[in-house]
Amino acid sequence: MAVVPASLSGQDVGSFAYLTIKDRIPQILTKVIDTLHRHKSEFFEKHGEEGVEAEKKAISLLSKLRNELQTDKPFIPLVEKFVDTDIWNQYLEYQQSLLNESDGKSRWFYSPWLLVECYMYRRIHEAIIQSPPIDYFDVFKESKEQNFYESQESIIALCTHLQQLIRTIEDLDENQLKDEFFKLLQISLWGNKCDLSLSGGESSSQNTNVLNSLEDLKPFILLNDMEHLWSLLSNCKKTREKASATRVYIVLDNSGFELVTDLILADFLLSSELATEVHFYGKTIPWFVSDTTIHDFNWLIEQVKHSNHKWMSKCGADWEEYIKMGKWVYHSHIFWTLPHEYCAMPQVAPDLYAELQKAHLILFKGDLNYRKLTGDRKWEFSVPFHQALNGFHPAPLCTIRTLKAEIQVGLQPGQGEQLLASEPSWWTTGKYGIFQYDGPL
Ligand code: F6P
Ligand code: MG
(Lines give C-alpha, C1' and ligand atoms only; values in the text may rest on other atoms or scores of the structure.)
(Ligands and ions follow the chains in the order given, each with its own letter.)
Protein backbone atom coordinates (compact mmCIF):
# COMPACT_ATOMS: atom_id res chain seq x y z
CA MET A 1 0.00 0.00 0.00
CA ALA A 2 1.34 3.45 -0.93
CA VAL A 3 2.21 5.81 1.90
CA VAL A 4 -0.45 8.49 2.25
CA PRO A 5 -0.50 11.61 4.40
CA ALA A 6 -2.62 11.94 7.55
CA SER A 7 -6.30 12.86 7.35
CA LEU A 8 -7.57 16.38 7.92
CA SER A 9 -9.04 16.53 11.40
CA GLY A 10 -10.47 18.75 14.12
CA GLN A 11 -7.29 18.14 16.10
CA ASP A 12 -5.70 20.97 14.14
CA VAL A 13 -7.07 23.84 16.19
CA GLY A 14 -8.03 26.80 14.02
CA SER A 15 -8.20 24.75 10.81
CA PHE A 16 -11.35 24.76 8.69
CA ALA A 17 -12.02 21.19 9.86
CA TYR A 18 -11.81 22.32 13.48
CA LEU A 19 -14.10 25.30 12.90
CA THR A 20 -16.57 23.13 11.02
CA ILE A 21 -16.81 20.66 13.89
CA LYS A 22 -16.87 23.36 16.54
CA ASP A 23 -19.28 25.82 14.91
CA ARG A 24 -20.82 24.83 11.60
CA ILE A 25 -21.98 21.32 12.42
CA PRO A 26 -23.71 22.23 15.71
CA GLN A 27 -25.37 25.11 13.86
CA ILE A 28 -26.72 22.67 11.26
CA LEU A 29 -27.97 20.32 13.99
CA THR A 30 -29.75 23.18 15.72
CA LYS A 31 -31.41 24.10 12.45
CA VAL A 32 -32.56 20.50 11.97
CA ILE A 33 -34.13 20.47 15.45
CA ASP A 34 -35.81 23.76 14.72
CA THR A 35 -37.19 22.42 11.43
CA LEU A 36 -38.77 19.46 13.23
CA HIS A 37 -40.34 21.83 15.78
CA ARG A 38 -41.83 23.92 13.02
CA HIS A 39 -43.43 20.87 11.41
CA LYS A 40 -45.18 19.76 14.59
CA SER A 41 -48.66 20.74 13.43
CA GLU A 42 -48.11 19.12 10.04
CA PHE A 43 -47.14 15.86 11.79
CA PHE A 44 -50.24 16.16 13.96
CA GLU A 45 -52.50 16.71 10.96
CA LYS A 46 -51.02 13.72 9.17
CA HIS A 47 -50.59 11.24 12.00
CA GLY A 48 -52.41 12.62 15.05
CA GLU A 49 -50.84 12.22 18.51
CA GLU A 50 -48.50 9.54 17.18
CA GLY A 51 -46.93 12.11 14.85
CA VAL A 52 -46.36 14.53 17.73
CA GLU A 53 -44.78 11.79 19.84
CA ALA A 54 -42.50 10.84 16.93
CA GLU A 55 -41.44 14.45 16.54
CA LYS A 56 -40.56 14.59 20.24
CA LYS A 57 -38.57 11.39 19.98
CA ALA A 58 -36.57 12.60 16.95
CA ILE A 59 -35.84 15.90 18.70
CA SER A 60 -34.63 14.17 21.84
CA LEU A 61 -32.34 11.87 19.82
CA LEU A 62 -30.94 14.86 17.95
CA SER A 63 -30.43 16.87 21.15
CA LYS A 64 -28.49 13.91 22.56
CA LEU A 65 -26.40 13.86 19.39
CA ARG A 66 -25.67 17.58 19.72
CA ASN A 67 -24.58 17.05 23.29
CA GLU A 68 -22.27 14.17 22.31
CA LEU A 69 -20.68 16.42 19.72
CA GLN A 70 -20.29 19.47 21.95
CA THR A 71 -18.77 17.47 24.80
CA ASP A 72 -16.55 15.45 22.44
CA LYS A 73 -17.94 12.06 23.48
CA PRO A 74 -16.76 8.82 21.85
CA PHE A 75 -18.62 7.71 18.73
CA ILE A 76 -21.27 5.13 19.40
CA PRO A 77 -22.26 2.45 16.89
CA LEU A 78 -25.43 2.84 14.85
CA VAL A 79 -28.31 0.89 16.36
CA GLU A 80 -31.19 1.06 13.92
CA LYS A 81 -31.06 -1.66 11.27
CA PHE A 82 -30.68 -0.10 7.81
CA VAL A 83 -28.98 -1.29 4.59
CA ASP A 84 -25.63 0.22 5.53
CA THR A 85 -25.60 -0.25 9.34
CA ASP A 86 -23.14 -3.15 9.37
CA ILE A 87 -20.68 -1.48 6.99
CA TRP A 88 -20.84 1.68 9.08
CA ASN A 89 -20.22 -0.11 12.34
CA GLN A 90 -17.34 -2.08 10.86
CA TYR A 91 -15.79 1.17 9.67
CA LEU A 92 -16.21 2.78 13.09
CA GLU A 93 -14.46 -0.22 14.64
CA TYR A 94 -11.69 0.00 12.08
CA GLN A 95 -11.15 3.70 12.81
CA GLN A 96 -11.15 2.88 16.49
CA SER A 97 -8.38 0.34 15.94
CA LEU A 98 -6.24 3.03 14.26
CA LEU A 99 -6.40 5.32 17.25
CA ASN A 100 -3.67 5.07 19.80
CA GLU A 101 -3.73 8.65 20.95
CA SER A 102 -6.38 10.54 22.95
CA ASP A 103 -8.10 8.12 25.32
CA GLY A 104 -8.23 5.46 22.65
CA LYS A 105 -11.78 6.28 21.54
CA SER A 106 -12.95 7.75 18.21
CA ARG A 107 -14.21 11.17 19.10
CA TRP A 108 -15.49 14.21 17.29
CA PHE A 109 -12.34 16.31 17.50
CA TYR A 110 -9.86 13.43 17.20
CA SER A 111 -11.18 11.45 14.25
CA PRO A 112 -10.74 12.16 10.54
CA TRP A 113 -12.91 15.14 9.60
CA LEU A 114 -14.49 13.23 6.73
CA LEU A 115 -15.67 10.52 9.11
CA VAL A 116 -16.94 13.04 11.66
CA GLU A 117 -19.11 14.88 9.18
CA CYS A 118 -20.44 11.78 7.44
CA TYR A 119 -21.20 10.26 10.85
CA MET A 120 -23.17 13.32 11.87
CA TYR A 121 -25.41 13.23 8.79
CA ARG A 122 -25.85 9.47 9.17
CA ARG A 123 -26.87 9.92 12.82
CA ILE A 124 -29.39 12.58 11.81
CA HIS A 125 -30.86 10.03 9.45
CA GLU A 126 -30.87 7.43 12.19
CA ALA A 127 -32.82 9.74 14.51
CA ILE A 128 -35.46 10.14 11.81
CA ILE A 129 -35.80 6.48 10.90
CA GLN A 130 -36.05 5.65 14.59
CA SER A 131 -39.12 7.86 14.78
CA PRO A 132 -41.97 6.36 12.77
CA PRO A 133 -44.43 7.45 11.46
CA ILE A 134 -42.33 10.50 10.49
CA ASP A 135 -39.44 8.29 9.35
CA TYR A 136 -39.87 9.48 5.74
CA PHE A 137 -39.18 13.12 6.64
CA ASP A 138 -36.31 14.92 4.87
CA VAL A 139 -35.13 17.57 7.34
CA PHE A 140 -33.36 19.50 4.56
CA LYS A 141 -36.15 19.42 1.98
CA GLU A 142 -37.37 22.94 2.75
CA SER A 143 -33.93 24.49 2.29
CA LYS A 144 -33.37 22.66 -0.98
CA GLU A 145 -36.72 23.80 -2.34
CA GLN A 146 -36.14 27.36 -1.19
CA ASN A 147 -32.83 27.42 -3.04
CA PHE A 148 -34.62 26.37 -6.21
CA TYR A 149 -37.40 28.98 -5.87
CA GLU A 150 -34.98 31.77 -5.07
CA SER A 151 -32.92 31.00 -8.16
CA GLN A 152 -35.88 31.23 -10.57
CA GLU A 153 -34.59 34.11 -12.68
CA SER A 154 -31.21 32.51 -13.24
CA ILE A 155 -32.88 29.22 -14.06
CA ILE A 156 -35.12 30.89 -16.64
CA ALA A 157 -32.07 32.57 -18.19
CA LEU A 158 -30.23 29.25 -18.43
CA CYS A 159 -33.20 27.34 -19.85
CA THR A 160 -33.79 30.07 -22.44
CA HIS A 161 -30.12 30.01 -23.40
CA LEU A 162 -30.17 26.22 -23.77
CA GLN A 163 -33.35 26.14 -25.88
CA GLN A 164 -32.02 28.82 -28.22
CA LEU A 165 -28.76 26.97 -28.50
CA ILE A 166 -30.48 23.68 -29.32
CA ARG A 167 -32.41 25.42 -32.10
CA THR A 168 -29.20 26.41 -33.89
CA ILE A 169 -26.91 23.62 -32.79
CA GLU A 170 -26.72 21.99 -36.23
CA ASP A 171 -25.35 25.21 -37.75
CA LEU A 172 -22.50 25.54 -35.26
CA ASP A 173 -18.97 24.75 -36.39
CA GLU A 174 -16.56 22.77 -34.15
CA ASN A 175 -15.17 25.85 -32.44
CA GLN A 176 -18.55 27.31 -31.70
CA LEU A 177 -19.72 24.00 -30.29
CA LYS A 178 -16.63 23.80 -28.12
CA ASP A 179 -17.25 27.36 -26.84
CA GLU A 180 -20.77 26.45 -25.85
CA PHE A 181 -19.58 23.28 -24.14
CA PHE A 182 -17.06 25.30 -22.14
CA LYS A 183 -19.72 27.84 -21.19
CA LEU A 184 -22.04 25.18 -19.81
CA LEU A 185 -19.19 23.45 -17.99
CA GLN A 186 -18.35 26.73 -16.25
CA ILE A 187 -21.98 27.28 -15.36
CA SER A 188 -22.04 23.86 -13.75
CA LEU A 189 -18.81 24.71 -11.91
CA TRP A 190 -20.10 27.97 -10.44
CA GLY A 191 -23.42 26.30 -9.68
CA ASN A 192 -21.43 24.45 -7.02
CA LYS A 193 -21.19 27.68 -5.03
CA CYS A 194 -24.80 27.09 -4.03
CA ASP A 195 -24.09 24.37 -1.46
CA LEU A 196 -26.10 24.86 1.70
CA SER A 197 -23.78 23.20 4.19
CA LEU A 198 -21.08 25.87 3.90
CA SER A 199 -23.63 28.50 4.88
CA GLY A 200 -24.82 26.40 7.82
CA GLY A 201 -28.05 25.63 5.97
CA GLU A 202 -28.84 29.28 5.30
CA SER A 203 -30.06 30.30 1.88
CA SER A 204 -27.36 30.32 -0.80
CA SER A 205 -29.24 30.78 -4.04
CA GLN A 206 -28.23 32.16 -7.41
CA ASN A 207 -30.01 35.40 -8.17
CA THR A 208 -27.95 36.88 -10.96
CA ASN A 209 -27.63 35.58 -14.48
CA VAL A 210 -24.42 33.58 -14.22
CA LEU A 211 -24.06 33.58 -18.02
CA ASN A 212 -23.10 37.23 -17.84
CA SER A 213 -20.46 36.65 -15.16
CA LEU A 214 -18.43 33.87 -16.79
CA GLU A 215 -15.71 36.18 -18.16
CA ASP A 216 -15.25 37.89 -14.78
CA LEU A 217 -15.04 34.54 -13.02
CA LYS A 218 -12.39 33.05 -15.33
CA PRO A 219 -9.40 34.27 -13.26
CA PHE A 220 -10.73 32.20 -10.36
CA ILE A 221 -10.44 28.90 -12.23
CA LEU A 222 -7.19 27.60 -10.76
CA LEU A 223 -6.94 24.43 -12.84
CA ASN A 224 -8.61 24.23 -16.17
CA ASP A 225 -8.68 20.87 -17.93
CA MET A 226 -11.77 21.63 -20.04
CA GLU A 227 -9.76 21.07 -23.24
CA HIS A 228 -9.17 17.43 -22.25
CA LEU A 229 -12.89 16.89 -21.80
CA TRP A 230 -13.56 18.34 -25.23
CA SER A 231 -10.86 16.20 -26.92
CA LEU A 232 -12.16 13.09 -25.24
CA LEU A 233 -15.84 13.58 -26.05
CA SER A 234 -15.41 15.03 -29.54
CA ASN A 235 -13.18 12.06 -30.34
CA CYS A 236 -15.82 9.65 -29.08
CA LYS A 237 -18.36 11.41 -31.29
CA LYS A 238 -16.16 11.17 -34.38
CA THR A 239 -15.15 7.55 -33.95
CA ARG A 240 -18.44 6.18 -32.60
CA GLU A 241 -20.00 3.37 -34.61
CA LYS A 242 -23.67 3.81 -35.47
CA ALA A 243 -25.34 1.80 -32.71
CA SER A 244 -22.71 2.26 -30.04
CA ALA A 245 -22.90 4.54 -27.01
CA THR A 246 -20.91 7.31 -25.37
CA ARG A 247 -21.71 7.31 -21.67
CA VAL A 248 -21.06 10.29 -19.43
CA TYR A 249 -21.66 9.75 -15.71
CA ILE A 250 -22.34 12.68 -13.41
CA VAL A 251 -21.84 12.07 -9.70
CA LEU A 252 -24.23 14.73 -8.50
CA ASP A 253 -23.80 17.13 -5.65
CA ASN A 254 -26.35 19.73 -4.58
CA SER A 255 -30.01 19.98 -5.52
CA GLY A 256 -31.62 23.33 -6.39
CA PHE A 257 -29.70 25.67 -8.69
CA GLU A 258 -26.62 23.46 -8.99
CA LEU A 259 -28.72 20.50 -10.13
CA VAL A 260 -30.32 22.68 -12.81
CA THR A 261 -26.87 23.60 -14.13
CA ASP A 262 -25.93 19.91 -14.24
CA LEU A 263 -29.11 18.99 -16.10
CA ILE A 264 -28.55 21.82 -18.58
CA LEU A 265 -25.06 20.45 -19.21
CA ALA A 266 -26.43 16.91 -19.52
CA ASP A 267 -29.05 18.09 -22.02
CA PHE A 268 -26.36 19.81 -24.07
CA LEU A 269 -24.25 16.63 -24.08
CA LEU A 270 -27.13 14.75 -25.72
CA SER A 271 -28.23 17.57 -28.05
CA SER A 272 -24.69 18.07 -29.32
CA GLU A 273 -24.22 14.27 -29.58
CA LEU A 274 -21.08 14.50 -27.49
CA ALA A 275 -22.75 11.78 -25.43
CA THR A 276 -25.59 9.37 -26.11
CA GLU A 277 -26.39 8.47 -22.49
CA VAL A 278 -26.03 10.39 -19.24
CA HIS A 279 -26.10 8.53 -15.93
CA PHE A 280 -26.68 10.44 -12.71
CA TYR A 281 -25.62 9.26 -9.27
CA GLY A 282 -27.41 10.70 -6.25
CA LYS A 283 -27.66 10.07 -2.52
CA THR A 284 -29.94 7.51 -0.87
CA ILE A 285 -30.47 9.63 2.27
CA PRO A 286 -30.53 13.39 2.99
CA TRP A 287 -26.85 14.38 3.05
CA PHE A 288 -24.66 17.44 3.71
CA VAL A 289 -27.83 19.56 3.72
CA SER A 290 -28.30 20.13 0.02
CA ASP A 291 -27.18 16.93 -1.73
CA THR A 292 -29.54 15.47 -4.33
CA THR A 293 -31.75 12.47 -3.56
CA ILE A 294 -34.10 10.78 -6.03
CA HIS A 295 -36.98 12.82 -4.54
CA ASP A 296 -35.12 16.07 -5.18
CA PHE A 297 -34.26 14.96 -8.70
CA ASN A 298 -37.84 14.08 -9.61
CA TRP A 299 -39.28 17.06 -7.77
CA LEU A 300 -37.01 19.51 -9.54
CA ILE A 301 -37.74 18.15 -13.02
CA GLU A 302 -41.46 18.29 -12.24
CA GLN A 303 -41.14 21.95 -11.14
CA VAL A 304 -39.21 22.89 -14.25
CA LYS A 305 -41.80 21.16 -16.42
CA HIS A 306 -44.72 22.98 -14.79
CA SER A 307 -43.13 26.40 -14.94
CA ASN A 308 -45.13 29.18 -16.58
CA HIS A 309 -42.12 30.11 -18.60
CA LYS A 310 -42.19 28.63 -22.09
CA TRP A 311 -38.51 27.65 -22.36
CA MET A 312 -38.23 26.47 -18.82
CA SER A 313 -41.20 24.14 -19.18
CA LYS A 314 -39.84 22.93 -22.53
CA CYS A 315 -36.65 21.90 -20.71
CA GLY A 316 -38.66 20.01 -18.09
CA ALA A 317 -40.68 18.18 -20.77
CA ASP A 318 -37.51 17.22 -22.67
CA TRP A 319 -35.83 16.00 -19.51
CA GLU A 320 -38.78 13.80 -18.64
CA GLU A 321 -38.63 12.40 -22.15
CA TYR A 322 -34.90 11.61 -21.85
CA ILE A 323 -35.68 9.64 -18.70
CA LYS A 324 -38.52 7.75 -20.41
CA MET A 325 -36.27 6.89 -23.34
CA GLY A 326 -33.44 5.70 -21.07
CA LYS A 327 -31.06 8.41 -22.34
CA TRP A 328 -30.91 9.78 -18.82
CA VAL A 329 -30.66 7.24 -16.03
CA TYR A 330 -30.68 8.01 -12.31
CA HIS A 331 -28.89 5.61 -9.94
CA SER A 332 -28.57 5.40 -6.17
CA HIS A 333 -25.97 3.48 -4.22
CA ILE A 334 -25.28 3.45 -0.48
CA PHE A 335 -21.56 3.86 -1.10
CA TRP A 336 -22.03 7.59 -1.75
CA THR A 337 -23.22 8.11 1.83
CA LEU A 338 -20.56 5.98 3.50
CA PRO A 339 -17.50 7.63 5.08
CA HIS A 340 -15.01 5.75 2.90
CA GLU A 341 -12.56 7.41 0.55
CA TYR A 342 -13.12 6.49 -3.08
CA CYS A 343 -9.95 4.41 -3.36
CA ALA A 344 -11.76 1.89 -1.12
CA MET A 345 -14.62 1.50 -3.61
CA PRO A 346 -13.31 -1.68 -5.32
CA GLN A 347 -13.36 -3.48 -1.93
CA VAL A 348 -16.41 -1.84 -0.34
CA ALA A 349 -18.68 -1.52 -3.39
CA PRO A 350 -17.23 -3.65 -6.21
CA ASP A 351 -20.57 -3.56 -8.08
CA LEU A 352 -20.47 0.24 -8.22
CA TYR A 353 -16.83 0.28 -9.27
CA ALA A 354 -17.63 -2.15 -12.10
CA GLU A 355 -20.48 0.11 -13.19
CA LEU A 356 -18.26 3.20 -13.23
CA GLN A 357 -15.76 1.35 -15.38
CA LYS A 358 -18.33 1.43 -18.19
CA ALA A 359 -18.20 5.23 -18.41
CA HIS A 360 -16.37 7.12 -21.13
CA LEU A 361 -16.11 10.02 -18.72
CA ILE A 362 -17.13 10.54 -15.08
CA LEU A 363 -17.79 14.06 -13.81
CA PHE A 364 -17.57 14.41 -10.03
CA LYS A 365 -19.43 17.47 -8.85
CA GLY A 366 -18.56 19.44 -5.75
CA ASP A 367 -16.32 19.70 -2.78
CA LEU A 368 -17.24 16.58 -0.84
CA ASN A 369 -16.58 14.39 -3.89
CA TYR A 370 -13.14 15.99 -4.16
CA ARG A 371 -12.43 15.27 -0.52
CA LYS A 372 -13.40 11.64 -0.98
CA LEU A 373 -11.44 11.31 -4.23
CA THR A 374 -8.28 12.54 -2.53
CA GLY A 375 -9.02 10.81 0.78
CA ASP A 376 -9.39 14.18 2.59
CA ARG A 377 -5.70 14.09 3.39
CA LYS A 378 -2.99 16.65 3.98
CA TRP A 379 -1.43 16.33 0.53
CA GLU A 380 1.22 18.79 -0.62
CA PHE A 381 -0.26 21.27 -3.13
CA SER A 382 1.96 20.03 -5.96
CA VAL A 383 1.26 16.30 -5.63
CA PRO A 384 -0.16 15.05 -8.95
CA PHE A 385 -3.92 14.41 -8.92
CA HIS A 386 -3.32 10.88 -10.25
CA GLN A 387 -1.22 10.08 -7.17
CA ALA A 388 -3.72 11.57 -4.71
CA LEU A 389 -6.43 9.37 -6.25
CA ASN A 390 -4.48 6.52 -4.68
CA GLY A 391 -5.44 3.84 -7.18
CA PHE A 392 -9.00 5.03 -7.93
CA HIS A 393 -9.07 5.04 -11.72
CA PRO A 394 -12.33 3.41 -12.89
CA ALA A 395 -12.48 5.51 -16.09
CA PRO A 396 -11.36 8.96 -17.27
CA LEU A 397 -12.66 11.37 -14.68
CA CYS A 398 -12.87 15.07 -13.99
CA THR A 399 -13.74 16.92 -10.83
CA ILE A 400 -15.76 20.10 -11.13
CA ARG A 401 -15.53 21.78 -7.78
CA THR A 402 -15.46 25.12 -6.03
CA LEU A 403 -12.98 24.96 -3.16
CA LYS A 404 -14.54 24.69 0.31
CA ALA A 405 -12.04 22.61 2.26
CA GLU A 406 -8.33 22.86 2.99
CA ILE A 407 -7.32 20.41 0.34
CA GLN A 408 -5.99 20.92 -3.17
CA VAL A 409 -3.52 18.96 -5.25
CA GLY A 410 -2.00 19.28 -8.70
CA LEU A 411 -0.99 22.95 -8.42
CA GLN A 412 2.21 24.45 -9.84
CA PRO A 413 5.13 24.42 -7.37
CA GLY A 414 4.71 27.41 -5.06
CA GLN A 415 1.23 28.32 -6.33
CA GLY A 416 -0.68 27.10 -3.25
CA GLU A 417 1.80 28.66 -0.83
CA GLN A 418 1.55 31.97 -2.67
CA LEU A 419 -2.24 31.99 -2.50
CA LEU A 420 -2.10 31.08 1.16
CA ALA A 421 0.23 33.98 1.91
CA SER A 422 -1.94 36.56 0.18
CA GLU A 423 -5.39 35.15 0.99
CA PRO A 424 -5.41 32.71 3.94
CA SER A 425 -8.97 31.47 3.37
CA TRP A 426 -8.64 31.10 -0.44
CA TRP A 427 -9.48 27.40 -0.34
CA THR A 428 -12.52 27.41 1.90
CA THR A 429 -14.85 30.13 0.64
CA GLY A 430 -15.99 28.72 -2.70
CA LYS A 431 -14.43 31.67 -4.54
CA TYR A 432 -12.05 29.50 -6.59
CA GLY A 433 -12.91 26.59 -8.83
CA ILE A 434 -11.22 23.76 -10.70
CA PHE A 435 -11.68 21.36 -13.58
CA GLN A 436 -9.17 18.65 -12.74
CA TYR A 437 -8.90 15.70 -15.11
CA ASP A 438 -7.36 12.29 -14.71
CA GLY A 439 -7.19 9.90 -17.62
CA PRO A 440 -5.54 9.32 -20.97
CA LEU A 441 -4.38 12.51 -22.69
O1 F6P B 1 -18.91 21.15 5.58
C2 F6P B 1 -17.94 20.43 4.99
C3 F6P B 1 -18.00 20.41 3.51
O4 F6P B 1 -17.46 19.28 2.95
C5 F6P B 1 -17.28 21.59 3.01
O6 F6P B 1 -16.01 21.28 2.66
C7 F6P B 1 -18.18 22.04 1.92
O8 F6P B 1 -18.49 23.31 2.25
C9 F6P B 1 -19.46 21.26 2.01
O10 F6P B 1 -19.32 20.46 3.10
C11 F6P B 1 -19.81 20.39 0.89
O12 F6P B 1 -19.72 21.06 -0.30
P13 F6P B 1 -20.27 20.44 -1.64
O14 F6P B 1 -21.74 20.57 -1.59
O15 F6P B 1 -19.64 21.26 -2.71
O16 F6P B 1 -19.83 19.02 -1.70
MG1 MG C 1 -23.16 19.07 -1.29
Side-chain angles (χ1 to χ4, degrees), residues 7-10 12 15-29 31-32 69 108 111-122 124 138-141 143-144 147-148 188-206 250-262 280-293 296-297 300 336-342 363-378 398-408 425-436:
S7 306
L8 296 175
S9 109
D12 304 320
S15 65
F16 191 62
Y18 169 82
L19 293 173
T20 298
I21 300 169
K22 186 168 99 34
D23 302 328
R24 286 168 58 223
I25 295 189
Q27 196 183 330
I28 287 170
L29 258 178
K31 209 160 178 248
V32 167
L69 157 59
W108 296 84
S111 302
W113 175 31
L114 183 59
L115 168 64
V116 172
E117 255 185 314
C118 292
Y119 178 71
M120 201 248 338
Y121 286 100
R122 183 61 183 80
I124 294 179
D138 177 349
V139 290
F140 302 122
K141 184 165 166 266
S143 323
K144 291 184 269 195
N147 171 280
F148 173 82
S188 166
L189 168 66
W190 299 121
N192 181 243
K193 278 192 180 190
C194 292
D195 131 63
L196 298 178
S197 72
L198 189 64
S199 54
E202 292 306 319
S203 168
S204 168
S205 49
Q206 178 62 45
I250 306 182
V251 182
L252 294 171
D253 188 5
N254 305 303
S255 186
F257 182 72
E258 179 171 0
L259 180 57
V260 173
T261 66
D262 297 337
F280 301 97
Y281 287 82
K283 308 292 194 292
T284 40
I285 62 174
W287 198 244
F288 280 68
V289 186
S290 37
D291 284 16
T292 307
T293 63
D296 302 325
F297 186 84
L300 185 135
W336 305 115
T337 48
L338 290 176
H340 300 69
E341 30 192 316
Y342 289 164
L363 302 176
F364 284 90
K365 286 295 319 277
D367 195 73
L368 179 61
N369 271 325
Y370 193 77
R371 293 174 58 196
K372 288 186 161 191
L373 283 165
T374 54
D376 211 34
R377 296 178 179 281
K378 298 176 188 173
C398 181
T399 115
I400 302 181
R401 162 228 188 191
T402 58
L403 281 63
K404 301 173 209 147
E406 285 165 331
I407 179 160
Q408 183 58 54
S425 59
W426 67 279
W427 46 355
T428 55
T429 56
K431 172 176 166 188
Y432 291 94
I434 53 161
F435 294 97
Q436 196 164 25

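Just so you know, ligand 1 is whichever comes first in the structure, and atom 1 is the first atom listed for that ligand. Computed from a predicted structure; not experimentally measured.
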J.: I need the contact type for Lys365 against ligand 1. Using non-hydrogen atoms and a strict under-4.0 Å cut-off, is it side chain, backbone, both or neither?
T.: neither
J.: Output yes when a side-chain donor or acceptor of Thr292 lies under 3.5 Å from a complementary backbone atom of Ser255, and no otherwise.
T.: yes
J.: For Asp367 and ligand 1, does the shortest N/O to N/O distance drop below 3.5 Å?
T.: yes
J.: Can you confirm if the aromatic rings of Tyr119 and Trp108 lie within a centre distance of less than 6.0 Å?
T.: yes
J.: Do Leu8 and Leu114 make a side-chain contact, defined as non-hydrogen atoms from C-beta onward lying under 4.5 Å apart?
T.: no
J.: Counting heavy atoms only, which part of Arg401 comes closer than 4.0 Å to ligand 1: side chain, backbone, both or neither?
T.: neither
J.: What do you get for the angle at the Mg ion (ligand 2) between OD1 on Asp253 and OD1 on Asn254, to the nearest 10 degrees?
T.: 90°
J.: Just one of Val251, Ile434, Asp367 clears the side-chain contact (heavy atoms from CB on, under 4.5 Å) bar with Thr399, so which one?
T.: Ile434
J.: Need the ligand 1 atom indices (1-based, order shown) with element for anything under 4.0 Å from a heavy-atom of Glu117.
T.: 1 (O), 2 (C), 3 (C), 4 (O)
J.: Under a heavy-atom criterion of less than 4.0 Å, does Tyr370 contact ligand 1?
T.: no
J.: Check each atom of ligand 1 against the heavy atoms of Asn192 and keep those under 4.0 Å away; list them by number with element.
T.: 15 (O)
J.: Would you tell me whether Gln436 and Tyr370 have side-chain atoms, one donor and one acceptor, within less than 3.5 Å of each other?
T.: yes
J.: Backbone, side chain, both or neither: what part of Leu368 comes under 4.0 angstrom of ligand 1, heavy atoms only?
T.: both
J.: Going by the atom numbers of ligand 1, which of them fall below 4.0 Å from some non-hydrogen atom of Ala405?
T.: 6 (O)
J.: Checking one value in my table: which N/O/S atom of Asp291 lies closest to the Mg ion (ligand 2)?
T.: OD1
J.: For this output row, return yes or no: ring centroids of Phe288 and Tyr121 closer than 6.0 angstrom.
T.: yes
J.: For ligand 1 and Asn254, I'd like to know whether there is a polar contact (N/O to N/O, distance under 3.5 Å).
T.: yes
J.: Is the shortest heavy-atom distance from the side chain of Phe140 to the side chain of Ile124 under 4.5 Å?
T.: yes
J.: Do any N/O atoms on Phe288 end up under 3.5 angstrom from N/O atoms on ligand 1?
T.: no
J.: Could you check if a side-chain atom of Trp190 sits within less than 4.5 angstrom of a side-chain atom of Thr402, using non-hydrogen atoms only?
T.: yes
J.: Regarding ligand 1, does Trp113 bring an N or O atom to under 3.5 Å of one of the ligand's N or O atoms?
T.: no
J.: How are the rings of Tyr342 and Phe364 set to each other: parallel, tilted or perpendicular (split at 30° and 60°)?
T.: tilted
J.: Examine Asp367 and say whether one of its N/O/S atoms is closer to the Mg ion (ligand 2) than 2.8 Å.
T.: no
